[in-house]
Student: 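Here you go, one structure.
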Amino acid sequence: MSELKNKRLRKILNEQNVIAALAIDQRGAMKKMITRYKKEATSEDIIEFKTLVSKELTPYTSSILLDPEYGLPAAKQKDPESGLLLAYEKTGYDATIPGRLPDILDVWSVRRLKETGADACKFLLYYDVDEAKEINEQKHAFIERLGSECVAEELPFFLELVSYDAAGLDANSMDYAKVKPHKVNDMMKVFSDEKYHVDVLKVEVPVNMNFVEGYAKDEVAYTQEVAAKYYAEQSAATQLPFIFLSAGVSASLFRDTLRFAKNAGSTFNGVLCGRATWANGVEVFIKDGKEAAIEWLRTQGKKNIDELNEVLEETATSIKL
């Protein structure tokens with residue numbers, strides 16, 4: 001990593017050299033969340049909510065992840081000490097063709113992200129290690145290009161990897177839970193190759209905690225001993241720093257997940273936590289308005305951040321720079 005890249009990465013870390021970051025780069029997902037409570041989600045709704053979250057919660061986070069489409073006003077309202085990551089991918093994927101192929105935002109480049117004030121570039125890639133070689137080769141070449149672009153601009157490259165099953169298994173099913181460790185850990189091995197120039201991996205935990213013995217309500221896919229083994233294997237799968245995404249689970253389950261990971265020997269380096277922190281504030285914002293949302297963020301939202309930060313102090317491994 002170049003000296004300038006290293007300096008920018010430091011802006012994203014807290015005093016313990018851990019990434020305690022807030023993610024609110026959701027676009028399509030946020031529209032769906034808002035339309036639970038009103039007929040149509042407007043751009044104004046999305047921009048205003050992101051801005052409130054940024055202003056109220058970044059004083060308690062090491063950095064925030066936003067999107068250039070709706071998040072730039074929010075970036076201007078963040079705490080000056082909090083770092084800024086900007087997303088580079090288009091939201092969603094074209095479901096009419098196979099492969100969940102990636103694409104970048106039309107009028108953006110890594111250079112433009114940097115000029116807008118980003119301390120790092122984040123890109124989300126859907127990936128199935130078991131998919132057809134011709135599809136995965138397209139994705140490999142795509143990420144090679146992005147990595148080279150980040151090297152040229154000396155901007156840290158955060159690659160978010162989300163697993164799926166190309167054959168159509170439901171990601172929340174028992175059948176998928178059984179293959180998830182293989183899909184998550186093996187794709188981390190793939191993109192840890194130096195040719196991709198990834199600086200930090202943002203990944204799922206390697207198991208579905210809703211199917212772990214002691215956490216499952218019904219069916220069990222893994223004993224705690226087996227689940228712990230998968231966490232240890234995940235850490236061994238990469239030499240890169242890696243952080244966990246919350247994947248929309250509740251704040252309490254996410255904290256329990258981090259404790260389980262630590263006890264299993266995981267060396268994860270922090271989190272980019274989104275909906276587990278602020279999701280319940282969307283209903284308050286839409287139903288009760290801006291002032292009620294601010295009050296929620298200053299109370300329950302801050303509480304979610306504080307509790308997560310306490311867990312990170314106990315569980316996350318410092319990044320060596």
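Just so you know, these numbers come straight off a predicted model, no measurement behind them.
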Student: If you compare all heavy atoms of Val110 against all heavy atoms of Cys150, which two are closest, and at what distance to 0.1 Å?
Tutor: CG2-SG, 4.0 Å
Student: Is Asn280 close to Arg275 at the side-chain level, that is, under 4.5 Å between some pair of heavy atoms?
Tutor: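 Counting from C-beta outward, Arg275 and Asn280 never come under 4.5 Å.
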Student: So, for Glu283 and Lys287, which heavy atoms are closest and what is the spacing to 0.1 Å?
Tutor: OE2-NZ, 2.7 Å
Student: If the threshold is 4.0 Å, N to carboxylate O, is there a salt bridge linking Asp256 and Arg259?
Tutor: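 Salt bridge: yes.
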Student: Any link between Leu272 and Leu86 through a network of hydrophobic side chains (Ile, Leu, Val, Met, Phe, Trp, Tyr) touching at under 4.5 Å?
Tutor: no
Student: Is a side-chain N or O of Lys183 found less than 3.5 angstrom from the main chain of Met187, in a donor-acceptor match?
Tutor: no
Student: Classify the ring geometry of Phe142 against Phe123: parallel below 30°, tilted from 30° to 60°, perpendicular beyond 60°.
Tutor: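 Aromatic pair Phe142/Phe123 classed tilted.
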Student: After noting the C-alpha distance and the side-chain angles of Ile243 and Val203, does the key distance pass the side-chain contact (heavy atoms from CB on, under 4.5 Å) rule?
Tutor: CA-CA 6 Å; Ile243 57 178; Val203 295; over 6 Å; no
Student: Side chains of Leu240 and Val198: does their closest heavy-atom pair fall under 4.5 Å?
Tutor: yes
Student: Once you round to the nearest 0.5 Å, how far does NZ of Lys290 lie from CZ of Phe285?
Tutor: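 Output value for this atom pair is 8.5 Å.
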Student: Compare all side-chain heavy atoms of Leu321 with those of Ile319 and state whether any distance is below 4.5 angstrom.
Tutor: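 In contact.
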Student: Would you say Tyr222's side chain and Met209's backbone share a donor-acceptor pair under 3.5 angstrom?
Tutor: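 Not at all, since once roles are kept as given, no pair shorter than 3.5 Å links the two residues.
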Student: Would Phe158 and Leu65 satisfy side-chain contact (heavy atoms from CB on, under 4.5 Å), going step by step from the backbone distance to the final call?
Tutor: CA-CA 11 Å; Phe158 281 57; Leu65 167 63; over 6 Å; no
Student: Is Glu225 salt-bridged to Lys229, going by a charged N under 4.0 Å from an acidic O?
Tutor: no
Student: For the side chain of Asn309 and the backbone of Thr61, is there at least one donor-acceptor N/O pair under 3.5 Å apart?
Tutor: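 Flag not set: sc Asn309 to bb Thr61 has no pair under 3.5 Å.
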Student: When hydrophobic residues are tied together by side-chain contacts of less than 4.5 Å, even through go-betweens, does Val207 share a cluster with Met174?
Tutor: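 Yes, because Val207 and Met174 connect within a single hydrophobic cluster, where side-chain heavy atoms sit under 4.5 Å apart.
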Student: Any non-hydrogen side-chain atom of Cys273 less than 4.5 Å from a side-chain atom of Phe254?
Tutor: yes
Student: Has the side chain of Ser173 got a donor or acceptor atom that lies under 3.5 Å from a matching backbone atom of Asp170?
Tutor: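 Judged by distance alone, yes, a pair lies under 3.5 Å.
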Student: Tell me whether Glu194 at atom CD has more than 12 heavy atoms from other residues, nucleotides or ligands lying less than 6.0 Å away.
Tutor: no
Student: I want to check a possible cation-pi pair here: Arg100 against Tyr164, using under 6.0 Å from ring centre and within 45° of the ring axis as the test.
Tutor: yes
Student: When you compare the side chain of Leu159 with that of Leu201, does any pair of heavy atoms fall below 4.5 Å?
Tutor: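 When only atoms from C-beta onward are counted, Leu159 and Leu201 do touch, with a gap below 4.5 Å.
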Student: Assert yes or no for the condition that the ring centre distance of Tyr126 to Tyr93 is strictly below 6.0 Å.
Tutor: yes
Student: Which is it for Leu52 and Leu57 under the side-chain contact (heavy atoms from CB on, under 4.5 Å) test, yes or no, and what are the steps along the way?
Tutor: CA-CA 8 Å; Leu52 293 178; Leu57 297 184; over 6 Å; no
Student: Assess whether a salt bridge exists between Glu160 and Lys122, defined as any Lys/Arg side-chain N lying under 4.0 Å from an Asp/Glu carboxylate O.
Tutor: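 Looking at Glu160 and Lys122, the cut-off is met.
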Student: So, Arg255 and Glu307, do they make that salt bridge, N to O below 4.0 Å?
Tutor: yes
Student: State, with a plain yes or no, whether a side-chain heavy atom of Leu146 is found less than 4.5 Å away from one of Phe157.
Tutor: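 Contact flag for Leu146/Phe157 side chains = yes.
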Student: Stepwise, does the side-chain contact (heavy atoms from CB on, under 4.5 Å) test hold for Leu308 with Leu258?
Tutor: CA-CA 9 Å; Leu308 181 58; Leu258 300 182; 3.6 Å; yes
Student: Would you check if Phe244 and Lys202 make a side-chain contact, meaning some heavy-atom pair closer than 4.5 Å?
Tutor: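 Not touching, per the 4.5 Å side-chain cut-off.
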Student: Is the closest basic N to carboxylate O distance between Glu137 and Lys133 below 4.0 Å?
Tutor: no
Student: May I ask you to decide whether Arg27 forms a salt bridge with Glu89, counting only side-chain N to carboxylate O separations under 4.0 Å?
Tutor: yes
Student: Using atom types as modelled and distance alone, determine if a side-chain donor or acceptor of Asp79 lies under 3.5 Å from a backbone N or O of Thr58.
Tutor: no
Student: State whether a side-chain donor-acceptor pair under 3.5 Å links Thr238 with Ser192.
Tutor: yes
Student: When you check the gap from the basic side-chain N to the acidic O, do Lys7 and Glu3 get nearer than 4.0 Å?
Tutor: no
Student: Would you compute the distance between atom CG of Leu22 and atom CD of Glu56 and round it to the nearest 0.5 angstrom?
Tutor: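 Rounded to the nearest 0.5 Å, the CG-CD separation comes out at 12.0 Å.
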Student: Could you tell me the separation between the CD atom of Glu313 and the CG atom of Asn14, rounded to the nearest 0.5 Å?
Tutor: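 Those atoms lie 8.0 Å apart.
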Student: Can you tell me if Ser63 uses its side chain to pair, donor with acceptor, with the backbone of Ile12 under 3.5 Å?
Tutor: yes
Student: Indicate whether the side chain of Thr96 and that of Asp94 have a donor and an acceptor atom separated by less than 3.5 Å.
Tutor: yes
Student: Side chain to side chain donor-acceptor pair (under 3.5 Å) with Asp67: which of Gln26, Lys90, Lys50?
Tutor: Lys50
Student: Can you measure from CG (Asp25) to CE (Met30) and round to the nearest 0.5 angstrom?
Tutor: 9.0 Å
Student: Does the side chain of Ile24 reach to within under 4.5 Å of the side chain of Ile64, using non-hydrogen atoms?
Tutor: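 A side-chain contact under 4.5 Å exists here.
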Student: Are any side-chain N or O atoms of Thr257 and backbone N or O atoms of Leu253, one a donor and one an acceptor, separated by less than 3.5 Å?
Tutor: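 Yes.
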Student: Between Asn304 and Gln300, is any side-chain donor less than 3.5 angstrom from a side-chain acceptor?
Tutor: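 Per modelled atom types, Asn304 and Gln300 side chains form a pair under 3.5 Å.
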Student: Fit a plane to each ring of His140 and Phe191, take the angle between them on a 0 to 90° scale, and name the class: parallel (under 30°), tilted (30 to 60°) or perpendicular (over 60°).
Tutor: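 Aromatic pair His140/Phe191 classed perpendicular.
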Student: Remaining members of Tyr176's ILVMFWY cluster at a side-chain heavy-atom cut-off under 4.5 Å?
Tutor: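 Via sub-4.5 Å side-chain contacts, Tyr176 links to Leu169, Val179.
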Student: To the nearest 0.5 Å, how far apart are CD1 in Ile286 and NZ in Lys38?
Tutor: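 Ile286 CD1 to Lys38 NZ: 5.5 Å, rounded to 0.5 Å.
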Student: Could you give me the CA-CA distance, side-chain angles and deciding distance for Asp306 and Lys303, then say whether salt bridge (Lys or Arg N to Asp or Glu O under 4.0 Å) is met?
Tutor: CA-CA 5 Å; Asp306 288 343; Lys303 183 173 182 285; over 6 Å; no
Student: Which pair of heavy atoms, one from Leu9 and one from Val200, lies closest together, and at what distance?
Tutor: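 Reported closest heavy-atom pair: CD1-CG2, 4.2 Å.
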Student: For the OG1 atom of Thr91 and the OH atom of Tyr70, what is their distance to the nearest 0.5 Å?
Tutor: 8.5 Å
Student: Using modelled atom types only, decide if a donor and an acceptor are shared between the side chain of Lys55 and the backbone of Ile294 within a distance under 3.5 Å.
Tutor: no
Student: For Glu15, does the CD atom sit with more than 12 other heavy atoms under 6.0 Å from it, leaving out its own atoms?
Tutor: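 Not buried by this count: 12 neighbours or fewer within 6.0 Å.
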Student: Is Glu154 paired with Lys5 through a side-chain N to carboxylate O contact shorter than 4.0 Å?
Tutor: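 No.
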Student: Are Leu85 and Ile47 in one and the same hydrophobic cluster, where Ile, Leu, Val, Met, Phe, Trp and Tyr link if side-chain heavy atoms are under 4.5 Å apart?
Tutor: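 Per the 4.5 Å side-chain linkage, Leu85 and Ile47 are not co-clustered.
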Student: Indicate, with yes or no, if Val271 and Val18 share a hydrophobic cluster defined by side-chain heavy-atom contacts under 4.5 Å among Ile, Leu, Val, Met, Phe, Trp and Tyr.
Tutor: no
Student: Do Asn6 and Arg10 pair up side chain to side chain, a donor and an acceptor below 3.5 Å, judged on atom types alone?
Tutor: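 Yes, because at least one side-chain N or O of Asn6 sits under 3.5 Å from a partner of the opposite role on Arg10.
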Student: Is there a donor-acceptor pair under 3.5 Å between the side chain of Glu204 and the backbone N or O of Val184?
Tutor: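 Checking the backbone N and O of Val184 against the side chain of Glu204, no donor-acceptor pair under 3.5 Å is found.
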Student: So, does Thr42 use its side chain to make a donor-acceptor pair with the main chain of Asp45 at under 3.5 Å?
Tutor: yes
Student: What is the ring orientation for Trp278 with Phe49, classed by angle as parallel under 30°, tilted 30 to 60°, or perpendicular over 60°?
Tutor: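 Ring orientation, 0 to 90° scale: perpendicular.
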Student: When you check the side-chain N and O atoms of Tyr88 and Glu149, is any donor under 3.5 Å from an acceptor?
Tutor: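 Yes, side-chain donor-acceptor contact under 3.5 Å.
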Student: For Tyr127 and Lys139, which heavy atoms make the closest approach, and how far apart are they?
Tutor: CD1-CD, 3.9 Å
